[in-house]
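Everything numeric here is computed off the predicted structure, so don't read it as measured data.
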Amino acid sequence: MAIVSKMNGGVCLAAVTAVLLTATAMSASAEPVFNRSASFPVAQNLPDDVDLSTETSSEIIAASEDGMTLVYSDSPLGAIGFVDIADPKAPKAGGSVRVEGEPTSVTVKGGKAFLAVNTSEDYVNTSGQLLTIDMESHEIEASCDLGGQPDSVAAAPDGSFLTVAIENERNEDLDDGKLPQMPAGDLVILPLSEGAVDCGAIMHVDVTGLAEIAPEDPEPEFVDVNSKGEIALTLQENNHIVIVDGKSGEIISHFSAGTVDLDGIDVEKDGKLDFTGSLKGLKREPDTVKWVDDDRIVVANEGDYEGGSRGFTIFTRDGEVAYESGASFEREIVRLGMFPDKRAGKKGVEPEGLAVAEFDGQNYIFVLSERASVMGVYRDTGGDPELVQMLPSGVAPESAVAIPSRGLVATANEADLVEDGAARSHVMVYQLGDGPADFPQIVSADKDGSPIGWGAMSGLTADPEVPGKLYAINDSFYANQPSIFVIDANQTPAVITDVIRVTKDGAPLAGRDQEGIAADGQGGFWIANEGNPEKELFHAIYHVDATGALVEEVAIPEDLNAQQVRFGFEGITLVGEGGDMTLWMAVQREWKDDEKGFVKLVSYKPATGEWGAVSYPLDASEKGWVGLSEIVTHEGAVYVIERDNQIGDAASIKKLYKVAIDELQPAPIGGELPVVSKELVHDFLPDLASLTNGYVVDKLEGFTFDAAGNAFAITDNDGVDDSSGETLFWKIDMTATN
């Protein structure tokens, strides 16, 4: 596939081609790819006497030496959890062990799990323990006093010692979190022999006086050990890295992590995506560190105190920068629709976790973005690493572990959104095998030199004439940048080739919640806007031309508006032509005058200004609510998406129904409405489970038929707000009915 430089409507085709090359390189060259094989909600490890709604988490993850068991630290529960991955496609709960204190990190060696536990009274009176836990019996066998609050723990590859970063973290509420804050942290080294820790021979390595920033108060964050027994240690807030001899405790070298200049990034939390900004002199402030080989380390530049450069860096052991990712990692995330705009003014995608491992003779670097919930897979070339894949993760991936002997990688995803009824903390497993790659299903090209930013896709329609050409809209998450995205679904993955901004008098039509779109057959579009009476936003429909400029805006009539609630128009479609054309809008949930379990399909005739409605019967659900999220016309019927608001195992209703157009006989607003009958056409649950290998998302919000009659669907990722950020887009096998 050749890369060309022809420009078409401001979209660089070279960029489109580059995106496709990145997304399909491994499968196209018949090389193996990583695909997610399973998702395990760690709430399944809650003890029988603990309520299932109790917050739990997976943070730092490790694996048994045979690769059959995963073990993770769980800070909110105060426990260590186990996952049986003998079958990587069907992980099983392995139980958990409660401990006294806050687990911060875990590693495994010689059949034992070594768990660092923070037992501090406060930020000044710091203390911690290192527990030895048998991987088979789950018994706590021993405990060592660490003399301070631990963060990361790692084992020497030869099993001769353990090392712990003693952070003694700062109080961010004290003096705005400024350093120094005593007591100072240090590095601990503990001899290890046949699974037994020699607590009496503990060695404390003083790392004060090294950093340029608060040298008297080092903040050790993460440790890793190479095959020579040398320890790499990050001092995150101090923006410093230290290399220590693990046998003697002598400091071999130390150096500043330095700064980075970034161009082509979004720097404002403002309800829009703009990747033309710049930031200069950003401190890297690395979190995780991993040895790439015995001479190079890689750090994830999360930032915490004053920095965070949104990428990762490879250093030589002496501090020379061998590679700097700059904004490239973040911009790849933009193409996936997973950039977290609410973090734009801070540290962007915040790379945090790393793993490095050799699979079948090839060394890989795995880079985790905490805020975008994605993992980049890079091939180590000895020079600049080569991006070969991006993989979706659960919400807020904290760490990863590679198991090369089994061709597996697993991530621990920290966030547990149980209080919001959203995603739980998950451990996700990926397996190396023959392609093609399952992810991504849709990416964006470049326009005007930057990736097209996108997300929160809330509606879908098709070009009436060109097969595979689709249009999607974003919702109120991007209220200051309402947009229509042009999708080429004939490519794999599908490509967002262009974007049309929705405007009024040349300015963005801000403050809207676009939830439905329908091509008008003349190059323009009808758009359904969902109102919110609590915010004094009105339900409406509006008409835009091919450039996105507002032509007409129509508010709903007062007798209909009087019955409104928060959940309004979620889709729009056209029935008929010319003066007989009628717009039909699907209302998501019951309004004040609806019987429970029934919602309205509302009609509007532009030629006459006449409004009407019919009543649509919803399926019942034992949990949450059920509503409509899309409507589209096709071959004598309107098709609607009916869904619940549940995710994962709790999801039960994600269905496509059709209603014959002959039944759409609207009655006047305010009177009794005729109830239409519906026919089940397709159950989306198997699709959603298959696309994610078990992690079913709730917001299936877009559906359409293209000009050739092919059916497509898309999910809404909520703009990566309390969401994994993953967008599913797929062509539907309409023969797979029920």
Asker: Got Leu432 and Leu408 here, is their nearest side-chain heavy-atom distance under 4.5 Å?
Answerer: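 They are not in contact (no side-chain heavy atoms under 4.5 Å apart), so the answer is no.
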Asker: Using a 3.5 Å distance criterion without hydrogens, assess whether the side chain of Asp245 forms a donor-acceptor pair with backbone atoms of Glu250.
Answerer: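 Here the side-chain-to-backbone pair does not exist.
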Asker: Rounded to the nearest 0.5 Å, how far does CG of Asn301 lie from OG of Ser325?
Answerer: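 Between atom OG of Ser325 and atom CG of Asn301 there are 7.0 Å.
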Asker: For Thr104 and Val117, indicate whether the former's side chain and the latter's backbone hold a donor-acceptor pair under 3.5 Å.
Answerer: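 No, Thr104 side chain to Val117 backbone: no donor-acceptor pair under 3.5 Å.
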Asker: I need the full list of disulfide (SG to SG under 2.5 Å) pairs touching residues 91-132, with sequence neighbours left out, sorted by first then second residue.
Answerer: none
Asker: Can you tell me if Thr316 uses its side chain to pair, donor with acceptor, with the backbone of Arg296 under 3.5 Å?
Answerer: no
Asker: Starting from the C-alpha separation in whole Å, work towards a yes-or-no answer on side-chain contact (heavy atoms from CB on, under 4.5 Å) for Ser105 and Ser73.
Answerer: CA-CA 6 Å; Ser105 182; Ser73 60; 5.6 Å; no
Asker: Once disulfide (SG to SG under 2.5 Å) is applied, what residue pairs with a partner in residues 349-401 remain, sequence neighbours excluded?
Answerer: none
Asker: Tell me the closest heavy-atom pair linking Thr69 and Ile85, and the distance in Å.
Answerer: N-CG1, 4.1 Å
Asker: Can you sort out the partners of Leu262 under side-chain contact (heavy atoms from CB on, under 4.5 Å), two or more places apart, ordered by chain and number?
Answerer: Val260, Ile265, Leu282, Arg310, Ala327
Asker: Please tell me if the side chains of Val153 and Thr163 come closer than 4.5 Å, counting only heavy atoms from C-beta onward.
Answerer: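 With C-beta onward as the side chain, the pair stays apart.
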Asker: Go through it in stages, so that I can follow the logic: the residues are Lys89 and Asn693, the test is side-chain contact (heavy atoms from CB on, under 4.5 Å), and I'd like the CA-CA distance, side-chain angles, deciding distance and then a yes or no.
Answerer: CA-CA 8 Å; Lys89 294 183 178 180; Asn693 282 315; over 6 Å; no
Asker: Do Met390 and Leu336 come within less than 4.5 Å of each other through their side chains, counting heavy atoms only?
Answerer: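 Side-chain contact under 4.5 Å: yes.
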Asker: For the pair Gln129 (side chain) and Thr119 (backbone), establish whether a donor and an acceptor sit closer than 3.5 Å, ignoring hydrogens and angles.
Answerer: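 Such a contact is absent between Gln129 side chain and Thr119 backbone.
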Asker: Between Thr381 and Glu386, does any side-chain donor sit less than 3.5 Å from a side-chain acceptor?
Answerer: no
Asker: Would you check if the side chain of Glu398 reaches a backbone N or O of Glu59 as a donor-acceptor pair within less than 3.5 Å?
Answerer: no
Asker: Show your reasoning for whether side-chain contact (heavy atoms from CB on, under 4.5 Å) applies to Val50 and Arg98.
Answerer: CA-CA 12 Å; Val50 174; Arg98 303 288 287 269; 3.6 Å; yes
Asker: Hey, mind stepping through Glu102 and Ser75 against side chain to side chain donor-acceptor pair (under 3.5 Å) and telling me if it holds?
Answerer: CA-CA 5 Å; Glu102 175 198 10; Ser75 174; 3.0 Å; yes
Asker: Do any side-chain atoms of residues 350-358 form donor-acceptor pairs under 3.5 angstrom with protein atoms, and if so which ones, sequence neighbours left out?
Answerer:
from, atom 1, to, atom 2, distance (Å)
Glu350, OE2, Arg343, NE, 3.3
Glu350, OE2, Arg343, NH2, 2.6
Glu350, OE2, Arg371, NE, 3.3

Asker: Out of Leu187, Asp151, Val188, which one pairs with Ile166 under the side-chain contact (heavy atoms from CB on, under 4.5 Å) rule?
Answerer: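 That would be Val188.
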Asker: Mind checking whether Phe82 and Tyr72 have ring centres under 6.0 Å apart?
Answerer: no
Asker: So, Arg170 and Asp304, do they make that salt bridge, N to O below 4.0 Å?
Answerer: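 Asp304 and Arg170: salt-bridged.
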Asker: Do you see a donor-acceptor pair shorter than 3.5 Å between the side chains of Ser309 and Lys347?
Answerer: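 Their side chains do not contain a donor-acceptor pair, so the 3.5 Å distance test is not met.
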Asker: Output the distance between atom CG (Leu77) and atom CG (Leu46), rounded to the nearest 0.5 Å.
Answerer: 6.0 Å
Asker: Going by atom types alone, do Arg284 and Thr313 pair a side-chain donor with an acceptor below 3.5 Å?
Answerer: yes
Asker: Any donor and acceptor pair, going by atom type alone, linking the side chain of Glu285 with main-chain N or O of Gly307 inside 3.5 Å?
Answerer: yes
Asker: Between Arg406 and Asp87, is the closest basic N to carboxylate O distance under 4.0 Å?
Answerer: no
Asker: Do Asp416 and Thr56 get their side chains close enough for a donor-acceptor pair, meaning under 3.5 Å?
Answerer: no
Asker: Please examine the side chains of Leu387 and Val377, heavy atoms only from C-beta on, and report whether any two atoms are closer than 4.5 Å.
Answerer: no
Asker: Verify, without hydrogens or angle tests, whether Thr411 (side chain) and Asn413 (backbone) share a donor-acceptor contact under 3.5 angstrom.
Answerer: no
Asker: If you compare all heavy atoms of Ala43 against all heavy atoms of Leu52, which two are closest, and at what distance to 0.1 Å?
Answerer: O-CD2, 4.0 Å
Asker: What I want to find out is whether Arg36 reaches Glu726 closely enough, with some N-O distance under 4.0 Å, to be called a salt bridge.
Answerer: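 Looking at Glu726 together with Arg36, the answer is yes, because their closest N to O distance falls below 4.0 Å.
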Asker: Under a 3.5 Å cutoff, is there a donor and acceptor pairing between the side chains of Ser373 and Ser393?
Answerer: no
Asker: Under the side chain to side chain donor-acceptor pair (under 3.5 Å) criterion, do Ser160 and Lys247 qualify, and how do the steps go?
Answerer: CA-CA 9 Å; Ser160 61; Lys247 302 295 184 183; 2.6 Å; yes
Asker: Could you check Val427 against Val42 for side-chain contact (heavy atoms from CB on, under 4.5 Å), going step by step and ending with a plain yes or no?
Answerer: CA-CA 7 Å; Val427 166; Val42 299; 3.8 Å; yes
Asker: Measuring from Thr234:OG1 to Phe222:CZ, what's the distance to the nearest 0.5 Å?
Answerer: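 One gets 8.0 Å once the value is rounded to the nearest 0.5 Å.
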Asker: Less than 4.5 Å apart, any side-chain heavy atom of Val108 and any of Val71?
Answerer: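 Side-chain contact under 4.5 Å: yes.
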Asker: Count the heavy atoms of every other residue, nucleotide or ligand shown that sit under 6.0 Å from CG of Asp48, and state whether that count exceeds 12.
Answerer: no
Asker: Is there a donor-acceptor pair under 3.5 Å between the side chain of Asp198 and the backbone N or O of Leu192?
Answerer: no
Asker: Any chance you could measure Leu162, atom CG, to Leu190, atom CG, to the nearest 0.5 Å?
Answerer: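 It is 6.0 Å, given to the nearest 0.5 Å.
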Asker: If you measure from CD on Glu169 to CD on Gln181, what distance do you get to the nearest 0.5 Å?
Answerer: 10.0 Å
Asker: For Tyr323 and Phe312, I'd like to know if the aromatic rings sit close, meaning centre-to-centre distance below 6.0 Å.
Answerer: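 So the answer is yes for these two rings.
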Asker: Quick check on Asp649: does its CG atom have over 12 non-hydrogen neighbours (other residues, nucleotides or ligands) under 6.0 Å away?
Answerer: no
Asker: A side-chain contact here means heavy atoms from C-beta on lying under 4.5 Å apart; do Ile133 and Glu139 qualify?
Answerer: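 Result no, sub-4.5 Å side-chain heavy-atom pair not found.
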Asker: Hey, does the side chain of Glu324 reach the backbone of Gly326 with a donor-acceptor pair shorter than 3.5 angstrom?
Answerer: yes
Asker: Kindly compute the distance separating CE (Met428) from CG (Leu70), expressed to the nearest 0.5 Å.
Answerer: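 Output value for this atom pair is 13.5 Å.
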Asker: Could you check whether atom CG of Asp360 has more than 12 heavy atoms from other residues, nucleotides or ligands sitting under 6.0 Å from it?
Answerer: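 It does not: Asp360 CG has 12 such atoms or fewer within range.
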Asker: Can you name the ring-ring contact (aromatic ring centres under 6.0 Å, His included) partners of Tyr123, sequence neighbours left out?
Answerer: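 ring-ring contact (aromatic ring centres under 6.0 Å, His included) list for Tyr123, sorted by chain: empty.
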Asker: Check whether any side-chain heavy atom of Met338 lies under 4.5 Å from a side-chain heavy atom of Glu332, and answer yes or no.
Answerer: no
Asker: Can you check whether Pro88's main-chain N or O pairs, donor with acceptor, with Ser37's side chain at less than 3.5 Å?
Answerer: yes
Asker: Please list, one pair per line, the donor and acceptor atoms closer than 3.5 Å that link side chains of residues 199-210 to other protein atoms, with sequence neighbours excluded.
Answerer:
from, atom 1, to, atom 2, distance (Å)
His204, ND1, Asp186, OD2, 2.8
Asp206, OD1, Thr208, N, 2.9
Asp206, OD1, Thr208, OG1, 2.7
Asp206, OD2, Thr208, OG1, 3.3

Asker: Are Phe34 and Phe359 an aromatic pair by the rule of ring centers under 6.0 Å?
Answerer: yes
Asker: A side-chain contact here means heavy atoms from C-beta on lying under 4.5 Å apart; do Asn168 and Gln149 qualify?
Answerer: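 In short, these two side chains touch, coming nearer than 4.5 Å.
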